[in-house]
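Taking it in order: structure first as structure tokens, then the write-up.
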Amino acid sequence: MGSAVMREAVNGIRDWYLTEGRAADTAPRGSVIFGERVFNDEVQRARLPKSVYRALRRTITRGEPLDLSVADAIATAMKDWAVEHGATHYTHWFQPLTGITAEKHDSFLSPTADGRAVAEFSGRELIQGEPDASSFPSGGVRSTFEARGYTAWDPTSPPWLLVSGRAVTLVIPTAFVSWTGEALDKKTPLLRSIEALSRQAVRILKLFGSTAERVITTCGPEQEYFLIDRYFYLNRPDLINAGRTLFGARPPKGQELEDQYFGAIPERVMALMSEVETELYRCGVPVKTRHNEVAPSQYEVAPIFEDANVATDHQMMTMEALRRLAPKYGLACLLHEKPFAGVNGSGKHLNWSMCDDQGNNLLNPGATPHDNMQFLVFCAAVIRAVDEWQGLLRMSIASAGNDHRLGANEAPPAILSIFLGDMLTDIFEQIETGRAKSTKQGGLLDTGVMVLPKLPRDAGDRNRTSPFAFTGAKFEFRAVSANQSIGFPNIALNTAVAESLERAASELEKSVKSGKSLEEAVYVLLRSIVKDHKKVIFNGNGYSKEWEEEASRRGLLNLKNTVDALPELMKPAVVKIFEKHKVLSERELHARYEVALETYVKTVNVEAQLMVLMANRYILPVAFRYQTEVAASVAAVKAAGGLSCQGQKVLTDMTELVDALKSRADTLANLLDHNGASPLEHARHIRDAVIPAMLALREAGDGLELMCPHETWPLPTYREMLFVK
Ligand code: ADP
Ligand code: MG
């Protein structure tokens, strides 16, 4: 079987290069096609009556409510535009608590009395949808009698056309809420958290003389992913059902040669990347960079940053486009955090900053002392937020999949710390001691006026081991995982920073009111933040054992796995800031906590069941056959009077592994027959009993892979999946 799959894959690749690969047209110009499938500002302006357009702009920029007549006019224009572009259906697209995105398509078609039909779309249908929501997880927020939730149009993220085969669908980004107004999704709290941060940031800007009225957060998420041949994928039940390989011996060549990072991109992969980019340009997603990543067959795509809400939707679209289009090129896209043991997993670096409504990036160190003071206040507020809300941030990236990465010396450790780079660290040190140093560039004058040179754009970005790094004008939350939405990490970060900014604003306002100069007030604030929170700053190697020890001495949290991390969400202090800043209520938080726990349990359960199945029905039959063959060979040699028989050694090893595989598969199956007293208990059982049993079973399976003849092996191997392109 091993070689049959290989033959098919090789034939498929050959055919591709001989046909499509040869015939491929060059990609259309990005500047021409960009946004052509988006009901964007330009289209809105052209198609909407002036008064309607203005009302919509007011809704988008200031959050003013839309009335139904305006919505009707928008819906009609939107429908006409979509139908002209071939759309037959529309969907309210939303982000439920688990999974990626959800959509249910409705036709525009409406029958008429004379037996014909017309395309119709009302304002009410635009604004509000009612998916049959009862099977989306709600963590108990929706009891069965109020099982319905509804989707509500988010006018700040523009609708777009999804073209899939011959079907064109108008996709309307929406929030998903229960009838009692509770958020059942990731968008609603994201929007609330951006507002919360804005309220506090504006207070600080005001002290610095700014007239800005709103602040948004900006995001540029870098997505890592694997592409492997689809034949291999379709022959791996674990990849199909769990997204990662549950068995698979380490190949002789892994990533040790480091010959892949930034290397030339294989042509078939490039063709897919190019189509994904074209597709995303058409839908207004500004993807910018693409390259090979560290592991074999691993790649990355990154966009130009946008406002966090749109960026979050666009990130989802990017993942979906990769997954959807890969089969056209005979490829499968793996977005799991750790599809292959022994080579790097995939992350999603969340580049994050704050920007006022005049276009100023608040994390951009400026040229004047005044600008720099403001920059340092925002920067220090983020430092305090990360230190104080480490647990929350750690929780926001916790999942069964990310447990394989964090702390595995390939991804940032599970300990949250901040990489600031030498120059900023030096400046904060000077602020703390109150002494200006003349040795380094920049520094602090006696008067407490900060002078900061323009930081080089990429001051020290080369520290890949930090989970949270200042990379010149933005922070990069690097522990986020490839497969997750950036929604919740953003929500957690925004809420933590909002809280920190609120305190900063209150302290500064108070000092200034009491007659201190702004410089003095800022100086006092910064000094106290540095004193209390410098423990979270770490510029060294996050992978080292010494850091783990040092971090524990500093009192930083080291929550090694999802089960340890999830309860952080329900800590009273965390609940308090979420409620105070009106991002999520205790009930809404609890719903997320429950869903996350449940997802963890279900994910590992599926994996474990698959392992039992694969052990018994894929690996064991093959191993038994080979064992019989070897036994026959040994018997034959002995019967022929052979004296030394190495075959006996093979038989002994085989027998040990076969026995181990069978007994460990049974043990694992028994362990799955378990119901915890509480969801947390159950999750602990999964972590402490089930996962170790899975590792033990895998060890036996991988041992057998290395012994059985290649052509009989029932699964594509790492060697093939990772290196045949
Ligand atoms: P680096 O080399 O530090 O990774 P890049 O310029 O390649 O920097 O940017 C990486 C990502 O960070 C890109 O997606 C980019 O759009 C994003 N980014 C840059 N500036 C900001 C910002 N102010 N806010 C949010 N994201 C940003
Ligand atoms: Mg980067």
Check your understanding: Going through the checks in order, is the salt bridge (charged side-chain N to carboxylate O under 4.0 Å, His left out) test met by R405 and E224?
Key -> CA-CA 13 Å; R405 280 177 75 234; E224 293 177 343; 5.2 Å; no

Review point. Crowded around K580 NZ? As in, over 12 foreign heavy atoms under 6.0 Å?
Key: yes

Point to revise | Pair E337, S481: side-chain N/O donor-acceptor within cut-off below 3.5 Å | key: yes

Review point. Taking NZ, NE, NH1 and NH2 as the nitrogens, is one of them in K571 or E568 under 4.0 Å from a carboxylate oxygen of the other?
Key: yes

Review point. Are the charged groups of E681 and R684 less than 4.0 angstrom apart, N to O?
Key: yes

Review point. Between CH2 of W389 and CD1 of I577, what distance do you get to the nearest 0.5 Å?
Key: 4.0 Å

Practice item. Mark yes or no for whether S198, through its side chain, and V215, through its backbone, hold a donor-acceptor pair below 3.5 Å. Key: yes

**Study point:** For F477, all residues meeting ring pair (Phe, Tyr, Trp, His ring centres under 6.0 Å), sequence neighbours excluded
**Key:** F468

Check your understanding: Short question: side chain of S506, backbone of E502 - any donor-acceptor pair under 3.5 Å?
Key -> yes

Review point. When L161 is tested against each of R282, R37, E36 for side-chain contact (heavy atoms from CB on, under 4.5 Å), which residue passes?
Key: R37

Check your understanding: Counting only heavy atoms not in E213, do more than 12 sit closer than 6.0 Å to its CD atom?
Key -> no

Practice item. Ignoring hydrogens and angles, state whether a donor on the side chain of S396 or Q484 is under 3.5 Å from an acceptor on the partner side chain. Key: no

**Study point:** salt bridge (charged side-chain N to carboxylate O under 4.0 Å, His left out) assessment of D564 paired with R394
**Key:** CA-CA 10 Å; D564 286 345; R394 172 65 185 87; over 6 Å; no

Check your understanding: Where do T91 and I172 land on the side chain to side chain contact (heavy atoms under 4.5 Å, CB included) test, with the steps shown first?
Key -> CA-CA 6 Å; T91 180; I172 301 162; over 6 Å; no

Review point. Less than 4.5 Å apart, any side-chain heavy atom of R203 and any of Q200?
Key: yes

Practice item. Kindly compute the distance separating CZ (R592) from CG (L597), expressed to the nearest 0.5 Å. Key: 14.5 Å

Check your understanding: Looking only at heavy atoms, what is the nearest atom pair of N364 and A473, with distance?
Key -> OD1-CB, 3.9 Å

Exercise for review: Examine distances only and state if a side-chain atom of K187 and a backbone atom of F94 form a donor-acceptor pair shorter than 3.5 Å.
Suggested key: no

Check your understanding: In this structure, are over 12 heavy atoms from other groups packed under 6.0 Å from E586 atom CD?
Key -> no

Practice item. Assess the side chains of N402 and S399: does a donor N or O sit below 3.5 Å from an acceptor N or O? Key: no

Practice item. Output every pair passing ring pair (Phe, Tyr, Trp, His ring centres under 6.0 Å) with a member in residues 36-80, not counting sequence neighbours, ordered by first then second residue. Key: F39-W81

Review point. Do you see a donor-acceptor pair shorter than 3.5 Å between the side chains of H581 and E499?
Key: yes

Practice item. Find the distance between CH2 (W179) and CD (E130) and round it off to the nearest 0.5 Å. Key: 5.0 Å

Exercise for review: Could you label the plane-to-plane angle of the H685 and H674 rings as parallel, tilted or perpendicular, counting under 30° as parallel and over 60° as perpendicular?
Suggested key: parallel

Check your understanding: Stepwise, does the side chain to side chain contact (heavy atoms under 4.5 Å, CB included) test hold for L556 with Q390?
Key -> CA-CA 8 Å; L556 298 178; Q390 292 164 46; 3.5 Å; yes

Point to revise | L126 side, atom CG; S122 side, atom OG - distance, nearest 0.5 Å | key: 8.0 Å

Review point. Which one of I486, I491, N490 satisfies the side-chain contact (heavy atoms from CB on, under 4.5 Å) criterion with F488?
Key: I491

**Study point:** Polar side-chain atom of S500 near backbone of A496 as donor-acceptor pair, under 3.5 Å
**Key:** no

Review point. Is the shortest distance from a Lys or Arg side-chain nitrogen in E598 or K602 to a carboxylate oxygen in the other one below 4.0 Å?
Key: yes

Check your understanding: Taking atom types as modelled and ignoring hydrogens, do the side chains of D403 and T562 form a donor-acceptor contact shorter than 3.5 angstrom?
Key -> yes

**Study point:** Side-chain H-bond candidate by donor/acceptor type, T151 with H92, under 3.5 Å
**Key:** yes

Check your understanding: Side chains of R192 and T495: is there a donor and an acceptor less than 3.5 Å apart?
Key -> no

Review point. Can you tell me if CD on E84 sees more than 12 non-hydrogen neighbours from other groups inside 6.0 Å?
Key: yes

Practice item. Go through E607 and R244 one step at a time and tell me if the salt bridge (charged side-chain N to carboxylate O under 4.0 Å, His left out) criterion holds. Key: CA-CA 9 Å; E607 292 180 348; R244 73 179 182 102; 2.8 Å; yes

Review point. Would you say N360's side chain and L362's backbone share a donor-acceptor pair under 3.5 angstrom?
Key: no

**Study point:** Value rounded to 0.5 Å, distance of CG in L205 from OG1 in T211
**Key:** 9.5 Å

Check your understanding: In terms of side-chain heavy atoms, does W352 have a donor or acceptor partner in N494 at a distance below 3.5 Å?
Key -> yes

Practice item. Fit a plane to each ring of H105 and H89, take the angle between them on a 0 to 90° scale, and name the class: parallel (under 30°), tilted (30 to 60°) or perpendicular (over 60°). Key: tilted

Review point. To the nearest 0.5 Å, what is the distance between CZ (R47) and CD1 (I74)?
Key: 14.0 Å

